[in-house]
Amino acid sequence: MNLAENILKGETLTKREALDIYEDEEIDTFDLLNEAYILRKHFYGKKVKLNMILNAKSGICPENCGYCGQSRDMKQKQRYALVPEEQIIDGANVAHDNHIGTYCIVMSGRGPSDKEVDHISRTVEEIKAIHPQLKICACLGLTNDEQAKKLKAAGVDRYNHNINTSENYHEEVVTTHTYKDRTDTIEIMKENNISPCSGVICGMGESNQDIVDMAFALKEIDADSIPINFLHPIKGTKFGDMDELTPMKCLRLVSLFRLVNPTKEIRIAGGREVNLRSLQPLALKAANSIFVGDYLITGGQPNKLDYKMIEDLGFEIDFGNQDVPVAEQS
C-alpha cells in the first residue's frame, strides 16, 4: 500500500476510493494507520497540540441535538448562565500554567446574544493582554457577521462550529437548525479571518458513506482544525443507548480523516477515553492534537495520564514558544 506516498506526490482520494478503502476488510487497520502516520509525521513530526475546554454556559438550550445532554429535551442538573469574566480568565491561567496551546471558550445554546458576545470579547482582550501566546478558540453557536467582527477585534484566533454529521444524516441528529446554518457560521468566520475549526461526532448511527461525506465536507470547508468526537452515550438522549464503535473502528475513522485531510490539525476529542480505551495512544499516529481535561458535561482522563501517554509514545507536546519538558507537566 502506498496511499501516503501518492498523496504526498499531490494525488487526492475520490469519495469512491475513500469508501472502498474504509470498507475493505482485506486492508488491515494497522496498515491503514501506518499510511496515516506517514502523513502525520510529514506535516507535524511527533508534536502533539493540547487543547482545553471551559464550559462557560451550560444547558439553557432550545436545540434538540440527539447526542447532547444540554438539549431542550434533557432535564440537566448542570445549568448556568454565562460565567463571570474572572472565571473565564482563571481558566486561561490554568491553561497557560499547564502549557495548553489552545483555550476553548464554549457556550451552550443556539447562538450568543450581542450582550454575551460583548462579554466574551472583553474577556478575551484581557486574556490576550496577560497571555498573548495563548490561542483562543470560541465556540458560541450560530453567529452573524457583526458578532464575528467583534470577536476578531478582541483577539479570538479560532472559532469552532462542528458540522457534527453529514448533510444527508443531519435531520436524524437535529431538526431545530439546518446543516446550512452550521456551514454558514463557519463561512462567516472565514470571511472575518478567524481560523475555522469544525469536526464531527461519530457513532450516531450514520452510514459508512456518511463518514466519508463528513471527511470530504471538512476538506471542502477547509477547516484548519478537525476535532473527531466519538459518541459518549448520555442516558435520556436520542442516542443514549447506542454503542456502535469499537477501538479498531475508531482508529480506522481517524486514519480516513487524515488521508482525506492530510495537512490539517486532527484532534481526537470527546469520547476518546470510552471508545478507544486502551488503544488511545495509537490514535495519535493519525491525529496530532487532543483535548486535555474534562469536556462539556462528560469527564476526561487526568492530565498526567495524557502527558504520560504522549511521552510513552516518544512524542512531544507542542508548547509553541514555551519550551518545557514533558516531565515537568502537572
Side-chain angles (χ1 to χ4, degrees), residues 1-49 158 162-169 179 182-183 186-187 189-190 195-203 206-230 245 247-269 276 279 281-290 313-316 318:
M1 191 186 303
N2 55 359
L3 286 170
E5 181 181 342
N6 291 337
I7 290 170
L8 289 173
K9 288 178 179 178
E11 296 183 17
T12 57
L13 295 175
T14 65
K15 281 190 178 183
R16 180 70 256 177
E17 289 170 337
L19 182 62
D20 288 345
I21 290 167
Y22 184 69
E23 292 185 330
D24 190 345
E25 294 181 0
E26 293 186 4
I27 298 178
D28 187 274
T29 297
F30 289 140
D31 289 337
L32 196 62
L33 184 62
N34 285 336
E35 293 296 314
Y37 178 62
I38 293 171
L39 296 173
R40 182 249 199 270
K41 187 177 180 182
H42 178 84
F43 291 107
Y44 292 97
K46 293 187 175 183
K47 297 287 188 180
V48 179
K49 296 176 182 288
R158 177 168 284 173
N162 294 334
I163 59 170
N164 284 333
T165 190
S166 72
E167 184 172 11
N168 177 66
Y169 197 66
Y179 182 86
R182 287 187 167 270
T183 56
I186 299 166
E187 291 304 321
M189 294 301 155
K190 289 167 62 177
S195 172
C197 172
S198 188
V200 298
I201 305 171
C202 297
E206 69 280 347
S207 68
N208 290 341
Q209 183 64 62
D210 289 320
I211 289 169
V212 170
D213 287 348
M214 288 183 238
F216 277 85
L218 293 169
K219 178 180 180 180
E220 183 176 348
I221 287 169
D222 198 24
D224 293 330
S225 179
I226 300 174
I228 300 177
N229 298 278
F230 309 98
L245 297 175
M248 294 297 278
K249 185 172 183 178
C250 292
L251 291 178
R252 207 167 183 89
L253 274 164
V254 180
S255 298
L256 175 73
F257 274 76
R258 173 59 69 196
L259 292 170
V260 176
N261 299 278
T263 66
K264 302 302 185 179
E265 176 184 341
I266 294 180
R267 183 182 322 135
I268 47 172
L276 280 157
L279 299 191
L282 291 179
L284 285 173
K285 290 191 69 176
N288 64 298
S289 180
I290 60 172
L313 278 167
F315 287 6
E316 301 172 2
D318 187 347

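For the numbers below, each heavy atom of this structure counts, side chains included, while hydrogens, waters and symmetry mates do not.
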What's the spacing between L33 CG and L256 CG if we round to 0.5 Å? 12.5 Å
Which pair of non-hydrogen atoms, one from F230 and one from L245, has the smallest distance, and what is that distance? CB-CD1, 3.7 Å
Hey, could you give me each pair passing salt bridge (Lys or Arg N to Asp or Glu O under 4.0 Å) that has a residue in residues 17-33? Not counting sequence neighbours. R16-D20
One pair to check against side chain to side chain donor-acceptor pair (under 3.5 Å): K47 and N288. What are the steps and the verdict? CA-CA 7 Å; K47 297 287 188 180; N288 64 298; over 6 Å; no
Counting distance only, does the side-chain N/O of Y37 pair as donor-acceptor with the main-chain N or O of L32 below 3.5 Å? no
From CG (L13) to CG (L19), nearest 0.5 Å: 11.5 Å
Using modelled atom types only, decide if a donor and an acceptor are shared between the side chain of E35 and the backbone of A4 within a distance under 3.5 Å. yes
Heavy-atom donor-acceptor pair, R40 side chain to L284 backbone, under 3.5 Å: yes
Heavy-atom closest pair (R252 atom, I21 atom, distance to 0.1 Å) is NH2-O, 3.1 Å
Test L39 against every option in T263, I7, I266 by the side-chain contact (heavy atoms from CB on, under 4.5 Å) rule and name the one that passes. I7
Can you see which heavy atom on I163 is nearest to which on R182, and at what distance? O-CD, 4.1 Å
Do F30 and L251 have side chains that get closer than 4.5 Å, going by heavy atoms? yes
Straight-line distance of F257 CZ to Y22 OH, nearest 0.5 Å: 8.5 Å
Distance, nearest 0.5 Å, that separates SG of C202 from CG of N164: 10.0 Å
What are the two closest heavy atoms between V254 and A287, and how far apart are they? CG1-N, 3.9 Å
Any side-chain to backbone donor/acceptor pair from E11 onto L8? Under 3.5 Å, distance only. no
What donor-acceptor contacts under 3.5 angstrom involve side-chain atoms of residues 214-228, with partners at least two apart or in another chain?
unit_1, atom_1, unit_2, atom_2, d
D222, OD1, K264, NZ, 2.7
D224, OD2, S195, OG, 2.7
S225, OG, R267, NH2, 2.6

Backbone N or O of A286 within a donor-acceptor pair of the R258 side chain at under 3.5 Å? yes
Verify, without hydrogens or angle tests, whether D318 (side chain) and V48 (backbone) share a donor-acceptor contact under 3.5 angstrom. no
So do the side chains of K190 and P196 get within less than 4.5 Å of each other, counting heavy atoms only? yes
N208 vs I211, side chain to side chain contact (heavy atoms under 4.5 Å, CB included): CA-CA, chis, key distance, verdict: CA-CA 5 Å; N208 290 341; I211 289 169; 4.3 Å; yes
Checking the side chain of Y44 only, and the main-chain atoms of E265 only, is there a donor and an acceptor separated by less than 3.5 Å? yes
Note: L279 and P247 closest approach over all heavy atoms is CD1-CB, 3.6 Å
Output for pair (L3 CG, S255 OG), nearest 0.5 Å, gives 10.5 Å
Gap between atom CG of L282 and atom CG of L276 - 0.5 Å precision: 8.5 Å
Verify the neighbour count for atom NZ of K41: are there more than 12 heavy atoms of other residues, nucleotides or ligands below 6.0 Å? no
Considering non-hydrogen atoms only, spot the tightest contact between N162 and G199 and give its length. OD1-N, 2.8 Å
